[in-house]
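Notes follow once the structure below has been shown.
When a residue number appears, it is its place in the shown sequence, counting from 1.
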Amino acid sequence: MELQSLLKYLKLFERDTSLNVWHFALLSAILYLGYKQGQPKIIKVSRSKIMALSHIKTLPTYHKYFKELQVMGYIRYTPCYHPGYRSEVELLFKNR
């Protein structure tokens with residue numbers, strides 16, 4: 001993921017008044033992981049890593065806002081239950 005893509009996504013977040021601080025925290029953590037992985041669209045994630053990066057401490061808060069991001073059409077989550085592989089988050093808000 002390039003810096004220009006990050007800035008574009010942040011600009012989209014800024015315009016969406018339905019997003020709150022928890023949504024921003026989760027999206028920022030996901031974008032950070034995408035930037036580190038060099039992936040602009042499909043990002044390998046783990047719940048523990050996203051929670052640590054977003055500073056969300058409780059599972060109910062994490063699950064509530066992560067689910068809302070899926071419903072709002074910002075991300076598509078594909079879980080992986082194999083211990084050797086990570087789940088994936090696909091960024092869907094490219095065309096907003």
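The backbone N or O of Lys44 sits less than 3.5 Å from a side-chain atom of Gln37, completing a donor-acceptor pair. Panel note: side chain His63, backbone Pro60; no donor-acceptor pair is recorded below 3.5 Å.
By the side-chain contact (heavy atoms from CB on, under 4.5 Å) test, Ser87 pairs with Val45, Tyr77, Pro79, Cys80, sequence neighbours left out. Remark: Ser18 engages Asp16, Met72 in a side-chain contact (heavy atoms from CB on, under 4.5 Å) (not counting sequence neighbours). Considering only residues two or more places apart in sequence or on other chains, Thr58 meets the side chain to side chain donor-acceptor pair (under 3.5 Å) condition with Thr61. Every residue meeting the side-chain contact (heavy atoms from CB on, under 4.5 Å) condition with Phe24, not counting sequence neighbours, appears here in chain and number order: Phe13, Leu19. Partners of Tyr32 under the side-chain contact (heavy atoms from CB on, under 4.5 Å) rule, at least two apart in sequence or in another chain, are Lys36, Leu53.
Here the CG-CG distance, from Leu27 to Leu10, works out to 9.0 Å after rounding to the nearest 0.5 Å. Annotation: the span from Glu88 atom CD to Ile43 atom CD1 amounts to 10.0 Å, rounded to 0.5 Å. Considering OH of Tyr62 and CD1 of Ile50, their distance stands at 4.0 Å, rounded to 0.5 Å. Taking CD of Gln70 as the start and CZ of Arg76 as the end, the distance is 10.0 Å to the nearest 0.5 Å.
Two residues are said to be in side-chain contact when any heavy atoms from C-beta on lie closer than 4.5 Å; Tyr65 and Ile56 fail this criterion. Under the 4.5 Å side-chain criterion, counting only non-hydrogen atoms from C-beta, Ile75 is in contact with Leu91. In this structure, the side chains of Lys49 and Arg86 stay at 4.5 Å or more apart for every pair of heavy atoms.
Following chains of ILVMFWY side-chain contacts shorter than 4.5 Å, one cannot reach Val71 starting from Phe66, and the two form parts of different hydrophobic clusters.
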**Request:** Tell me, with the steps shown, if Val89 and Ile42 meet side chain to side chain contact (heavy atoms under 4.5 Å, CB included).
**Result:** CA-CA 6 Å; Val89 169; Ile42 298 178; over 6 Å; no

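Applying the salt bridge (Lys or Arg N to Asp or Glu O under 4.0 Å) test to pairs two or more places apart or on separate chains, none has a residue in residues 55-75.
Heavy-atom minimum distance, Leu59 versus Met51: CD2-SD, 3.8 Å.
When ring centroids are compared, His82 and Tyr85 come within the 6.0 Å threshold.
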